[in-house]
Amino acid sequence: MCSHQPACPTAESPDHHAAVIVSAHPEQGWSLLCNGTIVFDDTGELLPDGRAVSPHRPVGAMLVAA
């Protein structure tokens, strides 16, 4: 899918988030990466093979209302 030089990391690579964004839809909360991965604002993902990755927010990222 990627035509960049050097090529973007594949969806199976540990650093797959470093791929170039080819289509951003911030109003809907998602972006398509060059390697076919769809990333969501909540840190969830859909991989090109159809697998879903649950959101993986860092511990302590939740805001507490005062």
Side-chain angles (χ1 to χ4, degrees):
M1 207 174 192
C2 179
S3 60
H4 302 102
Q5 292 301 325
C8 290
T10 65
E12 294 79 27
S13 299
D15 61 343
H16 65 275
H17 291 106
V20 173
I21 295 173
V22 294
S23 182
H25 296 275
E27 72 283 357
Q28 297 176 353
W30 63 275
S31 296
L32 173 65
L33 303 182
C34 185
N35 59 17
T37 301
I38 298 173
V39 294
F40 297 94
D41 288 352
D42 70 354
T43 69
E45 304 172 13
L46 283 177
L47 301 176
D49 64 5
R51 289 180 294 148
V53 177
S54 297
H56 46 275
R57 295 182 185 134
V59 175
M62 300 287 293
L63 297 176
V64 177

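Here the closest non-hydrogen pair linking A19 and L33 is O-CD2, 3.9 Å. In terms of heavy-atom proximity, D41 sits nearest to W30 at OD1-N, 4.4 Å. What you find for N35 and H16 is that their closest heavy atoms are ND2-O, 3.2 Å.
Between I21 and L32, the closest side-chain pair of non-hydrogen atoms is not below 4.5 Å. For the pair T37 and P48, the minimum side-chain heavy-atom distance is below 4.5 Å.
Both V22 and I38 belong to a single network of hydrophobic side chains, linked directly or stepwise wherever heavy atoms of I, L, V, M, F, W or Y lie under 4.5 Å apart.
Between the NE2 atom in H25 and the CZ atom in F40 there is a gap of 11.0 Å [rounded to 0.5 Å].
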